Amino acid sequence: QVQLVESGGETVQAGGSLRLSCVASMQLFSTYAFGWFRQPPGKEREFVAHITWQGDNTYYSDSVKGRFTISRDNAKNTVYLQMNSLKPEDTAVYYCAAAPFLATKASTYTYWGQGTQVTVSS
């Protein structure tokens, strides 16, 4: 049974940093692409970033490019999202997800975590 567990979300002041982690309990972790999505209050879920199974290719939404960094450690079955220069509009529940190939559409992703809350105060 596949399980993705996110952690690291908390309340932080604008301009601060957080690192989210996503630990995956699954076979063939290193063959999956992973993505981070977020759902702001009252809004739909949106793409944030994704990374190839090798970790050699990443892609970011325009809203986070230059501030967020996605990475992975296949030896630890873990994907990270380093978030710097946080803004109040980054407030959301953040989800990690696994897909058989790179995509920005949530419907492409097969497995999802339960989410972790990030709140950025002004």
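Note that the numbering runs from 1 along the sequence shown for the chain. For clarity, every value in this text was computed on a predicted model and none was experimentally measured.
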What class does the angle between the rings of Trp112 and Tyr95 fall in, given that below 30° is parallel, 30 to 60° is tilted and above 60° is perpendicular?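 Rings of Trp112 and Tyr95: perpendicular, over 60°.
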Should the pair Phe47 and Phe37 be assigned to parallel (<30°), tilted (30 to 60°) or perpendicular (>60°) ring geometry?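 Ring orientation of Phe47 relative to Phe37: perpendicular.
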For [Y], is there any backbone N or O sitting under 3.5 Å from a side-chain donor or acceptor partner on [X]?
| X | Y | value |
| --- | --- | --- |
| Asn84 | Thr69 | no |
| Thr91 | Val120 | yes |
| Gln114 | Val5 | no |
| Glu6 | Cys96 | yes |

If you count heavy atoms of other groups shown closer than 6.0 angstrom to OH of Tyr60, is the number above 12?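 Atom OH in Tyr60 is crowded, with more than 12 foreign heavy atoms closer than 6.0 Å.
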Say you draw a straight line from [atom1] of [X] to [atom2] of [Y]; how long is it, rounded to the nearest 0.5 Å?
| X | Y | atom1 | atom2 | result |
| --- | --- | --- | --- | --- |
| Thr108 | Leu102 | OG1 | CG | 10.0 Å |
| Tyr32 | Met26 | OH | CE | 4.5 Å |
| Asp90 | Arg38 | CG | CZ | 5.0 Å |
| Gln82 | Ile70 | CD | CD1 | 12.5 Å |
| Cys22 | Asn77 | SG | CG | 10.0 Å |
| Lys87 | Ser122 | NZ | OG | 14.0 Å |

Show the nearest heavy-atom pair for residues [X] and [Y], with the distance to one decimal.
| X | Y | value |
| --- | --- | --- |
| Thr31 | Trp53 | C-CB, 3.6 Å |
| Ser85 | Ser17 | N-OG, 4.3 Å |
| Val118 | Gly9 | CG2-CA, 4.0 Å |
| Ser71 | Ile51 | CA-CD1, 3.6 Å |
| Leu4 | Ala24 | CD2-CB, 3.3 Å |

Check whether NZ of the Lys or CZ of the Arg Arg72 lies under 6.0 Å from the centre of the six-membered ring of Phe29 and within 45 degrees of that ring's axis.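 The answer is yes; both the distance and angle limits are met.
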Within the 4.5 Å heavy-atom criterion, are Tyr109 and His50 side-chain neighbours or not?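 Contact flag for Tyr109/His50 side chains = yes.
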With the 4.5 Å side-chain cut-off for hydrophobic clustering, are Met83 and Tyr59 part of the same group?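 No; tracing contacts between hydrophobic side chains, which count when under 4.5 Å, never links both residues.
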Tell me whether Tyr80 shares a hydrophobic cluster with Val23, the cluster being built from Ile, Leu, Val, Met, Phe, Trp, Tyr side chains joined at under 4.5 Å.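 No.
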Ionic contact status for Asp62 with Lys65, cut-off 4.0 Å: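 Here Lys65 pairs with Asp62 in a salt bridge, since their nearest N and O are under 4.0 Å apart.
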